[in-house]
Amino acid sequence: MTANLLDFDLGGLAAFCERLGEKRFRAVQLFRWIHQKGASRFEDMTDLARSLREKLPGVCEIRGLPVLSQQESSDGTIKWLFDVGGGNAVEAVFIPEDDRGTLCISSQAGCAVGCRFCSTGHQGFSRNLTSGEIVAQLWFAEHFLRERFKTTERVISNVVMMGMGEPLQNYAALVPALRVMLDDHGYGLSRRRLTVSTSGVVPLMDRLSEDCPTALAVSLHAPNDALRDHLVPLNRKYPLAELMAACLRYLPAAPRDFITFEYCMLDGVNDQPEHAQQLLDLIRGRSPAYQGPAVPCKLNLIPFNPFPDSGLKCSPRAAVTAFAEVLNRAGVVTTVRKTRGDDIAAACGQLAGDVLDRTNAAERMARRRVVPVRVVASSGEA
Ligand code: SAH
Ligand code: SF4
């Protein structure tokens, strides 16, 4: 297969052009045509030397992802299902707000982490996306939306790696994709407006802070190791003490001076007053799970979005409010995430795509006892 130019960050494209005997500024021109203008055909790139325009089609292409479906919510949210071949499909979601446009992007077909409350996790893992497949979601959405809104201005101001997959478990493809998003010749996103969300792959959090620091969201979901082992199985490998220490190490290079902790509110599982208190102790470094400096953070409570066979329920509104109040009163800025696009199953954790499970995780999940998790919750380190 010929090279896909969506796979390259600017450095990679310059190296590719050099191999063709072309100067770096040609790579910049090409990069801008692709990402800033949304061009997919070399013949449209009118200011490229004719010789180059004629040379390129033989050696490379700009290969986007076929769109299998597009759904629009009554609140303006748009969800696309992209075909990534081999019977796999991934999703991306555009969430318009007054002051910004956010695109939520997938990094893998499926996910190997297997969190209890996540529809992607229940499906198992098929494969990593390439850098080009990650970028293609933004490339398509941005230029589709510009056409839709009849504008040449940028529509997507924020990108969150919160779709399907664990981005840090696809690190090699993730970093070039992030660079394309950040590049002034590409999408020119600010580092503060590009968020990588992770379930806590500790060594790669360290590498990200060196290679390409972006805003970081860490999916916490539990205030003690016993409960987190159960909800986010990766915790058995990187328990809370290591995770909190990695958060602290990330911050000096990060574009923001806090970590965003995500916490999915599950009825009777992790939403009780004692969990709020344990969470507070954890953040302050005064919990049995982690003792050390307090971690500067904001907390984002996500009401659980149900999906078939999860065996879990969303916390009642009052429990969410009470939980948030404990944290807010203690000075931890805590917000409750608004659910967007739930009429098209575009909310957090509902992105199921269509993944051929290569690990039989779905079957394993079904065999494992899902409820009652309450028992585990009370065996925590209170
Ligand atoms: N794998 C990464 C990013 C993708 S998930 C991670 O786990 O951080 C993005 C966010 O959605 C995570 O915080 C995840 O825990 C949350 N999430 C997953 N399933 C959910 C569900 N059913 N309801 C609400 N939030 C969910
Ligand atoms: Fe994977 Fe994130 Fe879902 Fe966990 S929540 S299974 S890490 S996508």
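Order of listing sets the numbers, starting from 1, for every ligand and every atom in it.
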Practice item. Select the closest option to atom 14 (C) of ligand 1 among His221, Glu166, Glu262, judged by heavy-atom distance. Key: His221
**Study point:** Ser197, Cys314, Cys264: member with heavy atom nearest to atom 2 (C) of ligand 1
**Key:** Ser197
Check your understanding: Side chain or backbone of Thr198 under 4.0 Å from ligand 1, or both, or neither, by non-hydrogen atoms?
Key -> backbone
Give me the ring orientation class for [X] and [Y]: parallel if the planes are under 30° apart, tilted from 30 to 60°, perpendicular past 60°.
X: His221; Y: Tyr263; result: tilted
X: Phe144; Y: Trp80; result: perpendicular
X: Trp139; Y: His143; result: perpendicular

Point to revise | Asp98 atom CG: more than 12 heavy-atom contacts under 6.0 Å | key: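 Atom CG in Asp98 is not packed in, count stays at 12 or less.
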So, is [X] polar-close to ligand 1, with some N/O to N/O distance under 3.5 Å?
X: Asn305; result: yes
X: Phe117; result: yes
X: Gly165; result: yes

Review point. Could a heavy atom of Cys111 be found less than 4.0 Å from some atom of ligand 1?
Key: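 Under 4.0 Å: no for Cys111.
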Review point. Does some non-hydrogen atom of Gly163 fall short of 4.0 Å from ligand 1?
Key: yes
Practice item. Determine, step by step, whether Phe82 and Phe140 satisfy the ring-ring contact (aromatic ring centres under 6.0 Å, His included) criterion, reporting the C-alpha distance in whole Å, the side-chain angles of both residues, the deciding distance to 0.1 Å, and the verdict. Key: CA-CA 10 Å; Phe82 294 100; Phe140 173 83; 5.7 Å; yes
Review point. Listed by chain and number, what are the side-chain contact (heavy atoms from CB on, under 4.5 Å) partners of Ala245, not counting sequence neighbours?
Key: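 Here the qualifying residues are Arg249.
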Check your understanding: Which atoms from ligand 1 have a heavy atom of Met161 less than 4.0 Å away?
Key ->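 What qualifies from ligand 1 is 3 (C).
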Review point. Which of the numbered atoms in ligand 1 are below 4.0 angstrom from a heavy atom of Cys118?
Key: 18 (C), 19 (N)
Review point. Taking it one step at a time, do Ser197 and Glu262 satisfy side chain to side chain donor-acceptor pair (under 3.5 Å)?
Key: CA-CA 9 Å; Ser197 176; Glu262 293 162 284; 2.9 Å; yes
Review point. Going through the distances and angles, do Arg284 and Asp281 end up as a salt bridge (Lys or Arg N to Asp or Glu O under 4.0 Å)?
Key: CA-CA 5 Å; Arg284 289 173 166 167; Asp281 294 344; 5.2 Å; no
Check your understanding: So, Gln108 versus Asn170: side-chain donor-acceptor pair below 3.5 Å or not?
Key ->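 Note: Gln108 and Asn170 side chains miss the donor-acceptor criterion.
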Point to revise | Protein N, O or S atoms lying under 2.8 Å from atom 3 (Fe) of ligand 2, listed by chain and number | key: Cys118 SG
Check your understanding: Do the charged groups of Arg148 and Glu72 touch, with an N to O distance under 4.0 Å?
Key -> yes
Point to revise | Verify same cluster id: Leu216, Val333 (apolar side-chain graph, 4.5 Å) | key: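 Hydrophobic grouping puts Leu216 apart from Val333.
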